[in-house]
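Below is one structure, written out as structure tokens; the observations come after it.
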Protein chains: 2
Amino acid sequence: MPKRAAPAKRQRRERGSLNPEDIIQGAFELAEVVSIDGLSMPMLGRHLDVGVTSIYWYFRKKDDLLNAMTDRALSRYAFAAPFVEADHWRETLRNHARTMRETFLGNPILADLILIRSALSRDAARQGAQGIERAIATLVKAGFTVDAAFDLYSAINLHVRGSVVLQRLYDKNKEIEAGASAYYDDITIEPETTPLLAEAMAKGRRSGAPDDHNFEYGLDCILDHAGRLLDPGN
Amino acid sequence: MPKRAAPAKRQRRERGSLNPEDIIQGAFELAEVVSIDGLSMPMLGRHLDVGVTSIYWYFRKKDDLLNAMTDRALSRYAFAAPFVEADHWRETLRNHARTMRETFLGNPILADLILIRSALSRDAARQGAQGIERAIATLVKAGFTVDAAFDLYSAINLHVRGSVVLQRLYDKNKEIEAGASAYYDDITIEPETTPLLAEAMAKGRRSGAPDDHNFEYGLDCILDHAGRLLDPGN
DNA sequence: ACCTGAACACCGTTCAAGT
DNA sequence: ACCTGAACACCGTTCAAGT
């Protein structure tokens with residue numbers, strides 16, 4: 001006569017059997033399934049087969065654990081999307097922007113931790129600063145003033161982060177949409193009231209959606225602007 | 001001998017004393033203090049001096065309430081930031097982008113509901129579509145093709161939303177920072193390891209921060225791009 | 001030094017009433 | 001038809017132990 005699955009009675013763990021690295025690792029495994037938003041301490045305890053409170057010996061707050069995850073994610077990301085120099089500064093920047101974007105889009109956990117939560121440790125911030133420094137150096141070598149290079153890189157950086165964040169938020173809300181009745185079935189475009197919109201969207205354009213096309217468009221704007229700055233003749 | 005503030009024993013409300021409009025109104029008042037993230041149903045019940053469960057008679061889920069708030073916020077916003085035509089399409093677009101941004105920045109609740117949560121009702125989506133239609137019509141009148149006008153408006157729209165969302169996330173995380181020890185005291189730029197960055201930031205530039213300067217820069221890129229499309233000579 | 005369950009204050013939500 | 005408290009399953013976190 002099974003009694004409603006009695007609380008599962010775990011064996012007591014040995015003394016050295018738990019460590020911060022395993023906890024972080026397990027947290028990533030779990031987040032892969034339930035996303036960062038869905039991650040909870042009790043769930044993580046179950047996933048690791050540990051009493052919830054044991055986790056608190058290593059991370060005094062859930063925030064501390066998320067910070068540690070961010071640090072680890074960031075170091076892997078920096079490895080995955082370095083600033084690679086191509087022949088021309090234009091290609092270099094474009095490639096950088098694209099790989100940065102694709103890295104985030106392909107890894108929502110990374111985006112949630114780094115872009116949405118974005119609590120960087122001092123160490124991570126320093127590492128990021130060095131990446132920016134290299135990028136600016138490349139641009140200065142190509143003929144930009146330090147200020148122009150700085151503004152240009154910032155613009156690219158913001159464009160990528162903005163695009164990714166909007167897309168991530170869009171995807172998140174769409175996942176929930178599953179049960180929503182009247183909400184966001186799909187944007188209804190009626191040719192009677194909005195003929196121009198209907199015309200443009202009939203050709204495959206997506207309204208205000210953060211997609212590849214809109215990303216490339218904004219990227220071109222920034223690169224063209226920079227190009228004319230460097231070479232007013234063209 | 002006060003007994004730890006006994007549960008406050010509210011009077012029972014009369015039958016017609018509660019209605020959805022009041023609930024939404026109270027929710028906004030509360031959100032003004034605790035932000036959208038901090039809004040909870042029990043808190044709202046206390047604020048309205050109503051049993052928590054009474055709210056559930058009008059809104060079956062917290063999500064429904066937030067959707068209703070979004071709808072109301074959106075209608076006020078549309079009123080606050082209409083698409084005003086200036087002499088030149090360039091001014092028109094620039095003004096539109098700026099007022100849109102300022103509206104959101106000045107009203108974090110609006111930003112949280114519309115940009116971050118962004119669950120639009122079919123009605124709101126339709127209203128939004130009509131605004132876009134008007135904008136595109138203006139641009140077509142100025143000489144753009146429908147496709148070009150559509151892309152241009154989308155780019156502006158994305159730029160504004162991206163900038164605002166990044167800034168809002170940045171502000172949110174900074175509020176929490178209060179208790180964080182080693183995290184994000186302020187980005188340390190060391191002239192020894194990152195001299196170019198240090199040089200640019202000494203002149204007042206903010207690293208990858210979503211600020212006025214970076215916003216205007218991106219806006220110029222888009223408008224210049226559009227200008228050259230319309231008038232290749234310049 | 002490390003691991004643990006009981007306990008607390010909170011949350012969103014359901015249910016079976018009261019009026 | 002509307003308003004209600006008790007109750008449930010969840011959460012983050014603390015505390016006083018156990019080994």
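- A side-chain hydrogen bond (donor to acceptor under 3.5 Å, both in side chains) check over residues 36-52 of chain A, counting only residues at least two apart or in different chains, returns the pairs A/E29-A/H47, A/D37-A/K172.
- For B/D211, there are no salt bridge (Lys or Arg N to Asp or Glu O under 4.0 Å) partners two or more places apart in sequence or in a different chain.
- A/E32 pairs by the side chain to side chain contact (heavy atoms under 4.5 Å, CB included) definition with A/I109, not counting sequence neighbours.
- Taking A/R13 as the reference, A/S17 meet the side chain to side chain donor-acceptor pair (under 3.5 Å) condition, with sequence neighbours excluded.
- For A/Y77, the ring-ring contact (aromatic ring centres under 6.0 Å, His included) test picks out A/F104, with sequence neighbours left out.
- With sequence neighbours excluded, the residues forming a side chain to side chain donor-acceptor pair (under 3.5 Å) with B/R117 are B/D63, B/N67, listed by chain and number.
- By the 4.0 Å N-to-carboxylate-O rule, A/D71 lies too far from A/R122 to be salt-bridged with it.
- If you measure from atom CG of A/D49 to atom C1' of C/dG5, you get 15 Å, rounded to the nearest angstrom.
- Base pairing in DNA chain D yields stems of at least 3 consecutive Watson-Crick or G-U pairs, both distances under 3.5 Å, namely C:4-8 with D:12-16, C:12-16 with D:4-8.
- Atom-to-atom, CG of A/N19 to C1' of C/dA1 comes out at 14 Å; the value is rounded to the nearest Å.
- As a whole-Å value, the separation of B/W57 CH2 from D/dG5 P is 18 Å.
- Although no hydrogens or angles enter the test, the distance criterion places a donor-acceptor pair under 3.5 Å between the side chain of A/N214 and the main chain of A/A209.
- Near DNA chain C, defined here as any heavy-atom distance below 4.0 Å, there are no residues from residues 21-38 of chain A.
- By the side chain to side chain donor-acceptor pair (under 3.5 Å) test, A/R76 pairs with no residue at all, sequence neighbours left out.
- Among the heavy atoms of the strands lying under 4.0 Å from B/Y58 are primed sugar atoms or P, OP1, OP2 only; no base atom is included.
- Applying the ring-ring contact (aromatic ring centres under 6.0 Å, His included) rule to pairs touching residues 195-217 of chain A yields A/H159-A/F215, A/Y217-B/H225, sequence neighbours excluded.
- Atom CD of B/Q11 is separated from atom C1' of D/dG5 by 16 Å (rounded to the nearest Å).
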- [ ] Do nucleotides 12-19 of chain D as a string where each nucleotide becomes B, S or -: B if the base has a protein heavy atom under 4.0 Å, S if just the sugar-phosphate does, - if no protein is that close.
- [x] SBB---B-
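- Partners of B/D171 by side chain to side chain donor-acceptor pair (under 3.5 Å), not counting sequence neighbours: none found.
- An OP1 or OP2 oxygen of C/dC2 is reached within less than 4.0 angstrom by no side-chain nitrogen or oxygen of A/S17.
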